[in-house]
Amino acid sequence: MRAIAIQEFGDPSGMALVDVPEPTPGAGQVLVRTAAIGVGGVDAMIRRGTLGSEHPRGMVPGSEVAGTIVAAGDGVDASWIGRRVWAFTGIAGGYAECATAPLDDVVPLPENLSSIDAVTLGSAAPVAHFALAHAHFAPGESVLVRGAAGSIGIAAVELAVRGGASVVAVTTSSAERGRKLHAFGATRVLDRAGNPSDEASGASPLFDVIIDIVGGAELPAFVDRLAPNGRLVLVGAVAGFPPAEFGMRLLQSFQQSRSIATFSLATIARERLVAARIELFEAAARGELHAVVHAILPLDQATEAHRMMDRGEVVGRVVLTP
């Protein structure tokens, strides 16, 4: 079967289309013939070589796919074969015509939700959902989504609006992106440094909750954007890891009782995660959440998909199709 392999870490040109044997599902696993493959920020970090050093050359990246189950391993009811599903493949294996996944990480899709929409929301929406919960977000609080133009950010904006946020602000790199995010419920647009870039003027606002997808060297400055008792939850590091001394900003504002937390879906029990995905997919099928697709590219253009991400031009998610 055809797959994309990382032959050299770094530039997207290090990825190549290869022929590999079709995988066989192990015990408790299924084999999914992919119809859509999500291209995520973690994929880009692994390909760049900035997320650990244990990844081997020749690995097939990709963590989420949607398609049809065509085979089942030992212990899996054969009735799953032929069902259309979303599946989490781990940190590897998704950029291929077929991929294996544990049955516990497989969710049936509503009839009126496309495979492309499923891989746009399947990882992103649960991250946003549980990150807001991790921040103890409550109706009436103000929320800032840092790096809101990606699929996690857009989901966080919509879920904060649904949750009754008094203000939903976003950071973005351009006025055009800001206008697009207004359409999903954002009420304030800030520049990348967290300063007002819309029609509003005055001092930089403070927020009860910050959902941060960016990380990087500028994270400490966003501690200063927290209101008293404010909570910042870091769910990604697309700009790299924060400086080692970032916690000093908390100590320097000790009397504000601010806090920083990290969040990963790995800490959520699978039963809760599956239930949340089902609910979020159904909400999308009802039109209450939106799958924003920046581009749909064939599998052999995975390099271009990653170039789009490296250029910072993606709004929503890029999806590959075999």
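All figures in this text were calculated on a predicted structure; none of them were measured in a lab.
Between Asp212 and Arg225 there is no salt bridge, since none of the side-chain N atoms of the basic residue sits less than 4.0 Å from a carboxylate O of the acidic one.
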Could you list the donor-acceptor pairs under 3.5 angstrom formed by side chains in residues 91-99, with sequence neighbours left out?
residue : atom : partner : partner atom : Å
Tyr95   : OH   : Asp43   : OD2          : 2.9
Tyr95   : OH   : His306  : NE2          : 3.0
Glu97   : OE1  : Arg2    : N            : 2.8
Glu97   : OE2  : Arg2    : NE           : 3.2

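Side chains of Arg258 and Ser253: a donor on one and an acceptor on the other come within 3.5 Å. Donor-acceptor pairing under 3.5 Å is lacking for the side chains of Arg177 and Thr172.
Residues that satisfy the side-chain contact (heavy atoms from CB on, under 4.5 Å) test with Arg286, not counting sequence neighbours, are Glu279, Glu282, Ala283, Glu288. Shown here are the ring pair (Phe, Tyr, Trp, His ring centres under 6.0 Å) partners of His134, two or more places apart in sequence or in another chain: Phe263. Applying the side chain to side chain donor-acceptor pair (under 3.5 Å) rule to Arg57 yields the partners Glu8; only residues at least two apart in sequence or on another chain are considered. Under the side chain to side chain donor-acceptor pair (under 3.5 Å) criterion, Arg192 pairs with no residue, sequence neighbours left out.
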Verdict with supporting geometry, Asp105 and Arg270, salt bridge (charged side-chain N to carboxylate O under 4.0 Å, His left out): CA-CA 8 Å; Asp105 291 328; Arg270 283 184 171 180; 3.3 Å; yes
CA sep, side-chain torsions, deciding dist, call: Val39, Leu320, side chain to side chain contact (heavy atoms under 4.5 Å, CB included): CA-CA 7 Å; Val39 178; Leu320 302 174; 3.6 Å; yes
Side chain to side chain contact (heavy atoms under 4.5 Å, CB included) assessment of Ile260 paired with Phe246: CA-CA 10 Å; Ile260 297 177; Phe246 74 89; 3.8 Å; yes
Evaluation steps, side chain to side chain contact (heavy atoms under 4.5 Å, CB included), between Phe184 and Val168: CA-CA 10 Å; Phe184 300 108; Val168 180; over 6 Å; no
Derivation and outcome, side chain to side chain contact (heavy atoms under 4.5 Å, CB included), residues Leu219 and Phe241: CA-CA 9 Å; Leu219 183 142; Phe241 294 114; over 6 Å; no
Step-by-step salt bridge (charged side-chain N to carboxylate O under 4.0 Å, His left out) determination, Glu313 to Arg307: CA-CA 9 Å; Glu313 65 188 42; Arg307 292 196 192 284; over 6 Å; no
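Arg162 contributes atom CZ, which lies 11.5 Å from atom CG of Leu132 (distance to the nearest 0.5 angstrom). Remark: Ile211 CD1 to Ile152 CD1 distance equals 10.5 Å, nearest 0.5 Å. To the nearest 0.5 angstrom, Ser174 atom OG is 11.5 Å from Asp191 atom CG. In this structure, the separation between CD on Glu304 and CE on Met309 is 12.5 Å, given to the nearest 0.5 Å. To the nearest 0.5 Å, atoms CD1 (Ile37) and OG (Ser115) are separated by 11.0 Å. Distance check, rounded to the nearest 0.5 Å: CD of Glu54 to CE of Met59 gives 9.0 Å.
Closest heavy-atom contact between Pro322 and Ala36: CD-N, 4.4 Å. Smallest separation of non-hydrogen atoms from Val161 and Gly185: CG2-O, 3.6 Å. Nearest heavy atom pair, residue Ala35 against residue Thr321, reads O-CG2, 3.6 Å. Residues Pro220 and Ala217 come closest through the heavy atom pair CD-O, 3.3 Å. Trp80 and Val85 make their closest contact through CZ3-CG1, 4.2 Å (heavy atoms, listed as atom of the first residue, atom of the second, distance).
Considering only heavy atoms from C-beta on, Ile210 stays 4.5 Å or farther from Val145 through its side chain. Using a 4.5 Å heavy-atom threshold, the side chains of Val189 and Leu181 count as separate. Using a 4.5 Å heavy-atom threshold, the side chains of Val233 and Thr262 count as separate. Here the side chains of Val32 and Thr68 are not in contact, with every heavy-atom distance at 4.5 Å or above. Here the side chains of Glu141 and Phe207 are not in contact, with every heavy-atom distance at 4.5 Å or above. You'll find the side chain of Pro228 stays beyond 4.5 Å of the side chain of Ser257, heavy atoms only. Side-chain contact check for Pro205 versus Ser142: every heavy-atom pair is 4.5 Å or farther apart. No side-chain heavy atom of Asn229 sits less than 4.5 Å from a side-chain heavy atom of Gln256.
Screening Leu297, Leu299, Thr303 for a side-chain contact (heavy atoms from CB on, under 4.5 Å) with Gln301, the sole residue that qualifies is Leu297.
The side chain to side chain donor-acceptor pair (under 3.5 Å) analysis of residues 234-249, with sequence neighbours excluded, yields the pairs Asp224-Arg249. Every pair tested for salt bridge (charged side-chain N to carboxylate O under 4.0 Å, His left out) that includes a residue from residues 74-91 fails, sequence neighbours excluded, so the list is empty. Legend: side chain to side chain donor-acceptor pair (under 3.5 Å) pairs involving residues 12-33, not counting sequence neighbours, sorted by first then second residue: Asp11-Ser13.
Residues Leu206 and Val143 fall into different hydrophobic clusters, defined by Ile, Leu, Val, Met, Phe, Trp and Tyr side chains chained together at heavy-atom separations under 4.5 Å. Neither Val238 nor Leu144 shares a network with the other; the hydrophobic side chains, linked directly or stepwise wherever heavy atoms of I, L, V, M, F, W or Y lie under 4.5 Å apart, form separate groups for each. The cluster map of Ile, Leu, Val, Met, Phe, Trp and Tyr, joined by side-chain heavy atoms under 4.5 Å apart, puts Phe222 and Val214 in different clusters.
With Ser166 contributing its side chain and Gly140 its backbone, the two residues share a donor-acceptor pair below 3.5 Å. Judged purely by atom type and a 3.5 angstrom limit, Thr34 has no side-chain atom pairing as donor or acceptor with the backbone of Val65. A donor-acceptor contact shorter than 3.5 Å is absent between the side chain of His294 and the backbone of Gly316. In this structure, Thr171 contributes its side chain and Ala148 its backbone to no donor-acceptor pair below 3.5 Å. Looking at Arg47, its side chain never comes within 3.5 Å of a backbone N or O of Phe9 through a donor-acceptor pair. In this structure, Thr120 contributes its side chain and Arg317 its backbone to no donor-acceptor pair below 3.5 Å. Glu64 contributes a side-chain N or O that, together with a main-chain N or O of Ser123, makes up a donor-acceptor pair within less than 3.5 Å.
Ile296 shares a hydrophobic cluster with Trp86, Phe88, Val107, Leu109, Leu113, Ile116, Val119, Leu121, Val274, Ile278, Phe281, Val293, Val319; the chain of contacts runs through ILVMFWY side chains whose heavy atoms sit under 4.5 Å apart. In the hydrophobic clustering (ILVMFWY side chains linked at under 4.5 Å, chained through shared members), Val20 is joined by Met1, Val18. Here Leu251 sits in one hydrophobic cluster together with Met248, Phe254; the rule is ILVMFWY side chains under 4.5 Å apart, joined directly or through other members. With a 4.5 Å cut-off between side-chain heavy atoms of Ile, Leu, Val, Met, Phe, Trp and Tyr, the cluster of Leu31 takes in Val70.
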